[in-house]
> 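Right, I'll just put the structure down here and ask away after.
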Amino acid sequence: AELLAAFDATIARHDRIEPRDWMPEKYRSTLVRQIAQHAHSEIIGMQPEGNWITRAPSLRRKAILLAKVQDEAGHGLYLYSACETLGVSRQELTLKLVEGRQKYSSIFNYPTLSYADVGTIGWLVDGAAICNQVPLCRTSYGPYGRAMIRVCKEESFHQRQGFELLSTMMRGTDEQRAMVQESVDRFWWPALMMFGPPDDDSPNTEQSMAWGIKRDTNDELRQKFVDMSVPQAEALGVTLPDDGLVWNAERGHHDFSQPDWDEFYAVVKGSGPCNAQRIAHRRRAHEDGAWVRDAATAFARRQQETVQRGSAS
Amino acid sequence: AELLAAFDATIARHDRIEPRDWMPEKYRSTLVRQIAQHAHSEIIGMQPEGNWITRAPSLRRKAILLAKVQDEAGHGLYLYSACETLGVSRQELTLKLVEGRQKYSSIFNYPTLSYADVGTIGWLVDGAAICNQVPLCRTSYGPYGRAMIRVCKEESFHQRQGFELLSTMMRGTDEQRAMVQESVDRFWWPALMMFGPPDDDSPNTEQSMAWGIKRDTNDELRQKFVDMSVPQAEALGVTLPDDGLVWNAERGHHDFSQPDWDEFYAVVKGSGPCNAQRIAHRRRAHEDGAWVRDAATAFARRQQETVQRGSAS
Amino acid sequence: PAALATYCLMLGDDALVYSHRLSQWTSNAPDLEDDIALANIALDLLGQARLLLARAAAADPSVVPVLPEGSPVPPEDALAFFRDDAGFRNVRLVEPEDADFGVTVARLLVFATYRLALLERLRSSDDTVLAAIAAKGVKEVAYHRDYAARWFLTLAQGTEESRRRLLAGLALVWPLRAELFDTHPVEAAAAGQGFGVDPAMVVDEVDVLLEQVLSVSGVERPDVRPTGPLGRGAGRDGRHTEALGRMLAEMQVVARAHPLGRW
Amino acid sequence: PAALATYCLMLGDDALVYSHRLSQWTSNAPDLEDDIALANIALDLLGQARLLLARAAAADPSVVPVLPEGSPVPPEDALAFFRDDAGFRNVRLVEPEDADFGVTVARLLVFATYRLALLERLRSSDDTVLAAIAAKGVKEVAYHRDYAARWFLTLAQGTEESRRRLLAGLALVWPLRAELFDTHPVEAAAAGQGFGVDPAMVVDEVDVLLEQVLSVSGVERPDVRPTGPLGRGAGRDGRHTEALGRMLAEMQVVARAHPLGRW
């Protein structure tokens, strides 16, 4: 009870909980689930963009894309480390991922079908991710908050690169402009879904907000994202595929249509266009790499034994 | 001695030796080596052309190429069967191939670098193979001779298809004509090498001819091939890359330059541009397929046991 | 005629794309007999594709991509080599590259069972060309199905390893099955106009046939979710997997480098 | 200037092609740390390739493929995306796709050891641009070599399986080593004119360095024949393996579909 009081006080002060601090089991498990999902999203998120590395149409774009996908691997790495401070190993989490027992962001269950998708993912998907994640930089758990600061900084950079790719393509040929529009048409609705279901259908939000794990509701964030994206779309010269999208002077916000929530739930449950493919890819890479990881473990053990024998003699 | 006399008499009559007939051990082993090499050549020969199946530039050509490579697999199959009549299993021979203990025709150690190579292989390589093989239809060992009759019939067909591809390309664009010429430049010398070293350096020829396994010398066949190819090259409109190639009215044959025999011996010994690649490909396919072959064996055994149990009860 | 052309593209692209995938086994199969058998199946499907693309072009020449003036490329090749992935009308089942023979056997079983059921009905198409293509195709695809079913049983009952790989392959293929029977408006029109088949009409038959193979092999249906559409479309609408674009990059490279070429 | 341009293409194409191959590990590596490390190496080499191709284009603009009027494609991209395989000047060592991490480690060890020895000498090139590129590259490639050498030792001494795979990889890569040191006339001219390095001058040094890694790992040199040239030429003459054409089909597909595109 004393421990709980100290914990609650830290939260109330908007101060950070650190790994050595006591925390309620439910807080810990909620965090593990959220951070793991986030880490998995970075790792699975390497696939849709990675799909275009070998076909990038200029060397500059190839370097940008390769570096971006590499950053995602880096984000995965710190987020798994943040999870390790809560006593769960990367190996354990990876198994949960490849066995389909833990989720990742549903957006990555959509395929990338043209090079414009690389730009759209940067602009809309990273843009939405940033809206979701900036508040997490102030999240109550220290290691997670600090990881998020670094992640957000890099993602803003990725978002600008994505926008810049699209804007360059829009100054190119008619075919390129059509490619950008087609890509935005495909990704707009899934991007809106990234904020999760409407608040009425989001049962965990309240507890997460109370704990300072989450700081805004899904609908608040979605609105912010739409308001941010409209002028950017205008600047690009693309049309967002929503007839209901209009400025509402009274609210001081854009009104917009709801995405197809049936599709959202279907994708979350495993019926997205790429769920099976993404998991199969991750599982194959994990299994194909097993002999290498085993070799590294065996080698490290042998080295240690040699050292120990050396010091014993 | 009686057996040997009967064998010699059969050979002298130009009659066929059959599997049940007695034969000298050296005759048997020479045949096994020759037929196995021939079978391996068909199997390895699937790779250079197979390399272009997925990139064939028209559906008609894709069908022709796929059928041709399939025929090569078929030729491999009958030739391995001919070897089995001499008591050597396909499995055994395949192991010798992938371990580099048995050879195949060196021509397949050259890469295919453009679609024109599909035509050139048909025209020159199959053409040379036919020159080598037509006499083998009359070879003294029955199963080999009969396999060769079928092989030669199909190879003539392939040769015409190759010529027809080149001649179509020569009626196409300038780029296509350049592609054909470049391909012929690359394959002409290796094609000449297919007849083996000059007669002076071919120690086994004499014994093989005496046994009726071989019916013409290397140089005789090479001359025949050159004489046959010159008018075909003219009809195509390609230049054979040999300044020394001229008609010799006195001999009634074309004079021509010798290929680079150092290159020939280097390739035979394993230093061709693709030796390592071809063997690695074959070995990988063989190893990757092991679990399937094991499954088939296990299944067949189980079926048989079920039948036996059934008949025993 | 527009519906007929699109319908022919659907059936033709299924055959074309799957033929390409199967042709990749050439010189890579587990044994010579299978190298030959898989090439045969690929050849049969390629033949069907050529007839179907030609029929599509004849029914509605506007479906054929326009090439530079003077190009001698025939319609079947313009369709095969000069459409982008979004122009292809095949189901997504036929697109992925197979990691091993276990996946191939599972995929071929599902595909051939589905296609055979379609072609059997299509023999009575009002379009006599389609009817003739179907009549020829039935004999071919019946063999494809038998080949797959034989191997399915063999792998299921062979070794632990072969069973494990077959089940993994089946789990990979199974989610793409639902799309086959999800009637597209063009298929509905084709059925309505008497020249095509509504795939929803064969769903039960295919199901029973697959169940027979699975049950004789002692294999349960995989417990996996179907792969959903992409927004409101799927393969028949030109919305494909990531695999198709990569496949076409390779398949079309020579043809596209020579739009005026003769082959 | 023609020799300088061609010499830059040789070094640039080695980096470009190998960078492409290494980039294929992205999202496929055995562990996250290696995914990141391999992407880093690919990025370093891509950076070197860009500088070298730009230098080639500046030294002799006639090496740059001519694109349709109005094309905004910069020289580095015209060189990377609009040359056919016969125009590439890289050694064949960097072309094949690796079947597993064992081959990659073996190939990277050989390649980085060779390139590091070249770049170290190239720092004193008379061409100040090349000298600067080399100075930057030395630091990068020294890391690549260390990474490969560390994994070489680990795989050699790890498990039986890892040792088996490493040796198989080494046997696959080893035959392509001889070509690296087979001085091409352009390399001879580059050395003679003071801006380049004759690779024959580093053969012994590379040999000693490789021997050190092999011997500390307890690995014997593979007993395999070197891969010979193709007729009278090899990679530096534009005579490549079958792998390069396939690789370029994929790498160039988007750029070639949009010769007037801006990216």
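To find a chain, count down the sequence lines: A is the first, B the second, and so on, and within it residues start at 1.
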> Atom CG in L16(C), atom CG in L59(B): separation rounded to 0.5 Å?
6.0 Å

> Just give me the residue among V105(C), L38(C), V73(C), L155(C) that pairs up with chain B most often, heavy atom to heavy atom, under 4.5 Å.
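That would be L155(C).
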
> Using heavy-atom distances under 4.5 Å, tell me whether I43(B) contacts chain C through its side chain, its backbone, both, or neither.
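Interface part for I43(B): side chain.
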
> With a 4.5 angstrom heavy-atom cut-off, which part of L260(C) approaches chain B: side chain, backbone, both or neither?
both

> Identify the heavy atoms of A63(B) and L43(C) that sit nearest to each other, and give their distance.
O-CD2, 3.4 Å

> Quick check on A80(C) against chain B: is it the side chain, the backbone, both or neither that has a heavy atom closer than 4.5 Å?
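Side chain of A80(C) only, per the 4.5 Å heavy-atom cut-off to chain B.
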
> Using a cut-off of under 4.5 Å for heavy-atom pairs, which of P57(B), G119(B), G289(B) has the most such pairs with chain C?
P57(B)

> Would you mind checking chain B against chain C for donor-acceptor pairs under 3.5 Å and listing them?
from, atom 1, to, atom 2, distance (Å)
T54(B), OG1, E250(C), OE2, 2.4
L59(B), N, D77(C), OD1, 2.8
K62(B), NZ, H20(C), ND1, 2.7
Q70(B), NE2, I36(C), O, 2.9
R90(B), NH1, D31(C), OD1, 2.9
R90(B), NH1, E33(C), OE1, 3.1
R90(B), NH2, E33(C), OE1, 3.3
R90(B), NH2, E33(C), OE2, 2.4
R171(B), O, R262(C), NE, 3.3
Q176(B), OE1, R262(C), N, 2.9
Q176(B), NE2, R262(C), O, 2.8
H281(B), NE2, S27(C), O, 3.1
H281(B), NE2, S27(C), OG, 3.0
H281(B), NE2, N28(C), OD1, 3.1
R282(B), NH1, S27(C), O, 3.3
R284(B), NH2, N28(C), OD1, 2.9
R293(B), NH1, P30(C), O, 2.8
R302(B), NH1, Q157(C), O, 2.7
R302(B), NH2, G158(C), O, 3.2

> Is chain C contacted by the side chain of V292(B), its backbone, both, or neither, given a heavy-atom distance below 4.5 Å?
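V292(B) touches chain C through backbone and side-chain heavy atoms alike.
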
> Checking heavy atoms, do the side chain of A56(B), its backbone, both or neither come under 4.5 Å from chain C?
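Looking at A56(B), just its backbone touches chain C.
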
> Go through the atoms of F101(C) and report whether side chain, backbone, both or neither lie under 4.5 Å from a heavy atom of chain B.
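Both backbone and side chain of F101(C) come within 4.5 Å of chain B.
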
> Heavy-atom distance under 4.5 Å to chain B: side chain of L166(C), backbone, both or neither?
neither

> Could you state the interatomic distance from CG (L32(C)) to CG (L77(B)), rounded to the nearest 0.5 Å?
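It comes to 5.5 Å.
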
